[in-house]
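Please read the structure below before turning to the comments.
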Amino acid sequence: MKDRLSGQDLTTNEKMHFIDSHLHLDLYEEVQRKVMIQDIADNPALRAVIAVSMNLASSLTTKELAENYPNLIRPAYGFHPEQELPDGAEQQELLVWMEKHIRNAVAVGEVGLPYYRRKEAESQKRSFELQPYYDLLEKFVRLAASHHKPIILHAVYEDAERVIDLLQQYHIQRAHFHWFKGPVETVNRMIDSGYSISVTPDIAYEEDIQKLVSVYPLDLIMVETDGPWPFEGPYKGRMTHPVMVADVVRHVAAIKGMGVKETAARIYSNTSRFYRIGEYRD
């Protein structure tokens with residue numbers, strides 16, 4: 001069987017299961033999204049996607065998609081930090097809405113700190129106030145803690161240290177640092193804290209990600225696409241699709257010196273356990 005959008009041969013994955021642990025499903029064009037969801041439903045290897053949200057409008061769309069495709073699409077609600085901060089009333093509206101619907105979400109996310117937005121402002125010698133973003137993140141962390149939900153984080157390089165401090169202040173144990181990049185000291189602290197990471201298709205060509213996977217415990221690793229974000233290397237010119245996580249698993253297996261089937265089973269178990277979604281497709 002071939003996936004209609006990516007053209008990738010999936011027959012070798014029939015006895016392996018995969019979960020795309022971080023996907024912006026609402027950001028795809030509607031036609032692409034419909035075909036993609038059907039592809040996932042038709043593929044026994046792809047068990048689910050964790051659909052993260054950008055803001056309130058995004059969360060509403062994600063909620064609707066999850067309701068239309070229960071078990072297949074697992075929703076997370078939040079505010080992506082690499083965008084202009086909403087005003088106080090908008091923040092409160094989102095938090096109230098999340099509080100109302102958090103029971104049916106697998107996590108709070110995507111949330112975090114605006115590393116790239118801040119660095120761009122600094123390069124242009126513009127002022128940038130980080131504290132309001134941190135204050136909003138603390139509200140999301142508090143919400144996750146109060147409902148015993150995991151949290152999906154956009155927190156890279158030096159920002160990760162501040163985020164770890166905040167997580168530990170609220171005794172958060174299930175933290176998912178998606179597409180993480182950072183120094184070895186931070187990596188070691190994350191490992192010691194039992195925090196999970198997820199890696200994307202750029203493992204095929206990014207040495208830093210390969211090094212990260214080589215030192216990070218396999219039981220704390222998940223795989224993702226962060227679609228519709230596009231990739232280079234062997235994926236250049238292709239639309240990002242959840243089937244790509246099978247390639248990510250193969251690269252993880254090679255780096256760890258393990259069999260692909262065993263690696264796939266371990267990563268699938270990690271993700272199912274972390275999000276407490278269990279076995280949910282026949």
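Contact annotation: the side chain of Arg47 never approaches that of Thr271 to less than 4.5 Å [non-hydrogen atoms, C-beta and beyond]. Contact of the Lys34 side chain with the Gln38 side chain is not registered, since no non-hydrogen atoms from C-beta on lie closer than 4.5 Å. Looking at heavy atoms from C-beta onward, Tyr216 lies in side-chain contact with Met190 at the 4.5 angstrom threshold. For the pair Asn43/Phe18, no side-chain contact is recorded, criterion being any heavy-atom separation below 4.5 Å from C-beta on. Taking the side chain as every heavy atom from C-beta outward, Tyr195 and Leu153 never approach each other to under 4.5 Å. With contacts defined as side-chain heavy-atom distances shorter than 4.5 Å, the pair Arg103/His147 does not qualify. Within the 4.5 Å cutoff, no side-chain heavy atoms of Val215 are placed close to those of Val184.
At least one donor-acceptor pair under 3.5 Å links the side chain of Glu224 to the backbone N or O of Trp179. Looking at Arg33, its side chain does come within 3.5 Å of a backbone N or O of Asp26 through a donor-acceptor pair. Remark: side-chain polar atoms of Ser21 are paired, donor with acceptor, to backbone N or O of Val223 under 3.5 angstrom. No donor-acceptor distance shorter than 3.5 angstrom exists from the side chain of Asn270 to the backbone of Met222, with no hydrogens or angles considered. Remark: the backbone N or O of Thr61 is not paired with any side-chain donor or acceptor of Glu64 at under 3.5 angstrom. Lys149 places a side-chain N or O within donor-acceptor distance of the main-chain N or O of Ala105, the cut-off being under 3.5 Å. Panel note: side chain Thr225, backbone Gly227; a donor-acceptor pair is recorded below 3.5 Å. Judged by distance alone, with hydrogens and angles left aside, the side-chain atoms of Gln83 form a donor-acceptor pair with the main-chain N or O of Met54 at under 3.5 Å.
Shown here are the side chain to side chain donor-acceptor pair (under 3.5 Å) partners of Ser269, two or more places apart in sequence or in another chain: Arg273. When the side chain to side chain donor-acceptor pair (under 3.5 Å) test is applied to Ser53, the partners found at least two apart in sequence or on another chain are Thr62.
Here the closest heavy-atom approach between residue Ser198 and residue His176 is recorded as OG-NE2, 2.7 Å. In terms of heavy-atom proximity, Lys139 sits nearest to Leu95 at CD-CD1, 3.7 Å.
Remark: Asp247 engages Arg250 in a salt bridge, criterion side-chain N to carboxylate O under 4.0 Å.
Neither side chain, His251 nor Gln210, offers a donor N or O lying under 3.5 Å from an acceptor on the other. Remark: the Asp226 side chain and the His24 side chain contain an N/O donor-acceptor pair separated by less than 3.5 Å. Judged purely by distance below 3.5 Å, without hydrogens or angles, the side chains of Gln131 and Asp135 pair a donor atom with an acceptor atom. Residues Glu161 and Thr186 have side chains that bring a donor and an acceptor to within less than 3.5 angstrom of each other.
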Contacts under 3.5 angstrom, residues 116-124 side chains, donor-acceptor by atom type, not counting sequence neighbours:
{"unit_1": "Arg117", "atom_1": "NE", "unit_2": "Tyr133", "atom_2": "OH", "d": "3.3"}
{"unit_1": "Arg118", "atom_1": "NH1", "unit_2": "Asp159", "atom_2": "OD1", "d": "3.2"}
{"unit_1": "Arg118", "atom_1": "NH1", "unit_2": "Asp159", "atom_2": "OD2", "d": "3.2"}
{"unit_1": "Arg118", "atom_1": "NH2", "unit_2": "Asp159", "atom_2": "OD1", "d": "3.0"}
{"unit_1": "Lys119", "atom_1": "NZ", "unit_2": "Glu158", "atom_2": "OE2", "d": "3.3"}
{"unit_1": "Ser123", "atom_1": "OG", "unit_2": "Glu120", "atom_2": "O", "d": "2.7"}
{"unit_1": "Gln124", "atom_1": "OE1", "unit_2": "Arg126", "atom_2": "NE", "d": "2.8"}
{"unit_1": "Gln124", "atom_1": "OE1", "unit_2": "Arg126", "atom_2": "NH2", "d": "3.0"}

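Because its NZ or CZ atom is both nearer than 6.0 Å to the ring centre of Tyr134 and within 45° of the ring axis, Arg162 counts as a cation-pi partner of that residue.
Between His17 and Tyr268, the angle of the ring planes goes over 60°, which puts this pair in the perpendicular group of the 30/60° scheme.
Clustering ILVMFWY residues whenever any of their side-chain heavy atoms sit less than 4.5 angstrom apart, transitively, puts Leu60 in the very cluster that holds Ile37.
Between Trp97 and Phe79, the ring center distance fails the sub-6.0 Å criterion.
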